[in-house]
Amino acid sequence: MTDRLGGGFTTLAWVLIPVAVGINVVGGALTNALRIPLFLDVIGTLLLAILAGPLVAAVGGILTNVVLSVVRSPTMLPFALTQAAIALVAGYLAMRGWFLIREKRDYLKLAGVAIAVSAASVLVSWPILVWLFGGITGTAPDVVVAVFLASGFSTELAVLGSQLVMEPVDKGASVVIAYFIAKSVPERYRPSFGQRALARDR
Amino acid sequence: MSGGGTAGTTDVDVEALIENAEGADSPFEYRPGSSPLHRLNPVTKLVASGALILIAFLLPTFWGPLALTVGLFALVATAGAGVARSVGTVLVAVGGPLALSLVLIQGLFYPQNETVLVSLAVPVIDRLAFYEEGIEFALLILFRLTVLMIALLGAIVTTHPKKLTVALMEKGVSNKVAYVFMAALQFIPQMQTRAKAILDAQQARGLDTAANLRRRLKSYVALMAPLLIGTLISTETRALALESRGFTRKGERTYLLDVSDSAFDRAIRWLSVLAVIAVFVWRLLL
């Protein structure tokens, strides 16, 4: 069981981690180029969760925000916990076969993953946003928080409201994109965890 | 440069090689120097930054974090003009928008707002009132976050990443975690270049960056897949190279770089821990 959970911290898994961190960070630049109004900064973490399991993905997720705090803004550091939560949830679901899609109907599983991942993200980000930032981070979602605050909600509810509006869209898109990118990886390059988590190509 | 210890058996000055290896262009990159801040053990800097951040978040009014911000910036500035410029750039680039939205949103809408500080005459909605409670809360959060930024950036900009990893490994962090951190930092510029090349190539093949959202999300996969697969193919080679150098071997390792850890370093680490405990107890008693 522990071996399955870890997906085996093999040398291949350790080498995949920086790749996933790179994808998380560079992914943001590509969303800018395509002018997609989402963050999409957990795709690498989700890919790791599918290909290498929850624990490897959690290491990758935490490292992403450590690196982001070094290359973008130190205020990203606390959200390493969000990345870890997303990694654990997605990796566990990958282990339970929620990314095994053989027929059309199975795509509903991805919706389930999206809901679980969004829920994990909101649950962990919410206290960080309220206690450390008082709700305002100097980024686009501030506008949504401001609207809620202006309509008379408390800081806690305003942050929760904005999270519930934004997260399902962002994390839903991330889960679907991560699945299709994982599928596009040739089987030869998938670690053994990923070979079990994804359906075989025909 | 650093005192004491055995720096390995080569005649080459590793420190000088590293210092002159890469030019710094991003504000987050290492700025070479020989100030006391540069000479501290990297782990000491991390512990002290962590302690300062905790203290800033424990202090109840904005005056404490404000004083810490000013003091820290003065301290960081002693490490050289380059360091001060780097930290200042990020402070303005990240702190600027943050300050603006904090003051605007909290000043206007903070739920505990009562006392009007300034009231501006504005067309359409008549009057716009900024409240004292909201502004004070905004300043509290802002200065806490500036302490976080200056403390972390000061530590990062005065520490070469290689020294940091060696220092961490000497304190018992696994060499795998250290490798992964270094590799990620090195990967990002490489992947950015590669992503740009792929973007150009796909645009030459008619990638439409102004299509509807569904199509653009599809194009996203078309951009990411080659990026990932290209990197994966080189990772296999990397895995073999690491394996052949004993990456997964256990046992004592020797380092080419010598990172000093003086009594002064230990004193600062203990003081940091004690300071956090003191502030915490003070907050509990009040």
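What you see is a predicted model, and the numbers here were worked out from it, not measured in a lab.
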Pick from [options]: which one has the most heavy-atom pairs with chain B under 4.5 Å?
{"options": "A/L30, A/V21, A/I17", "answer": "A/L30"}
{"options": "A/D142, A/V67, A/I36", "answer": "A/I36"}
{"options": "A/T75, A/L149, A/I43, A/T137", "answer": "A/L149"}
{"options": "A/A173, A/G152, A/P18, A/G60", "answer": "A/P18"}
{"options": "A/T155, A/I177, A/T64", "answer": "A/I177"}

So for [X], is it side chain, backbone, both, or neither that comes closer than 4.5 Å to the heavy atoms of chain A?
{"X": "B/L108", "value": "neither"}
{"X": "B/V94", "value": "side chain"}
{"X": "B/L217", "value": "both"}
{"X": "B/Y220", "value": "both"}
{"X": "B/L228", "value": "both"}
{"X": "B/L213", "value": "side chain"}
{"X": "B/F181", "value": "both"}
{"X": "B/A210", "value": "both"}

From [X] atom [atom1] to [Y] atom [atom2], the distance as rounded to the nearest 0.5 Å:
{"X": "B/K218", "Y": "A/F180", "atom1": "NZ", "atom2": "CZ", "answer": "8.5 Å"}
{"X": "A/I136", "Y": "B/Q106", "atom1": "CD1", "atom2": "CD", "answer": "5.0 Å"}
{"X": "B/M149", "Y": "A/S69", "atom1": "CE", "atom2": "OG", "answer": "12.0 Å"}
{"X": "A/F133", "Y": "B/I141", "atom1": "CZ", "atom2": "CD1", "answer": "8.5 Å"}

Which one wins on heavy-atom pair count under 4.5 Å against chain A: [options]?
{"options": "B/L140, B/T231, B/L102, B/L104", "answer": "B/L102"}
{"options": "B/G95, B/A138, B/P111", "answer": "B/P111"}
{"options": "B/A151, B/A184, B/P226", "answer": "B/A184"}

Shortest non-hydrogen separation from A/I181 to B/A225 and the atoms involved: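 Closest pair (atom of A/I181, atom of B/A225, distance): CG2-CA, 4.4 Å.
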Looking at every non-hydrogen atom in both residues, tell me the closest pair between B/L152 and A/P74 and how far apart they are.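 In terms of heavy atoms, the two residues are closest at CD1-CB, 3.9 Å.
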Is any side-chain heavy atom of A/S184 less than 4.5 Å from a side-chain heavy atom of B/V221?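 Side-chain contact under 4.5 Å: no.
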Which answer fits [X], side chain, backbone, both or neither, if we ask what part of it has an atom under 4.5 Å from a heavy atom of chain B?
{"X": "A/V25", "value": "side chain"}
{"X": "A/I23", "value": "both"}
{"X": "A/L40", "value": "both"}
{"X": "A/L132", "value": "both"}
{"X": "A/V66", "value": "side chain"}
{"X": "A/T31", "value": "both"}

Check whether any side-chain N or O of B/R216 sits under 3.5 Å from a backbone N or O of A/R35 as a donor-acceptor pair, and report yes or no.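 Side chain of B/R216 to backbone of A/R35: a pair is present.
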Counting only heavy atoms not in B/Y179, do more than 12 sit closer than 6.0 Å to its OH atom?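 Buried by this count: over 12 neighbours within 6.0 Å.
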Above 12 or not: heavy atoms from other molecules or residues under 6.0 Å from NZ of B/K171?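 Yes, because the 6.0 Å sphere around NZ of B/K171 holds more than 12 heavy atoms from other groups.
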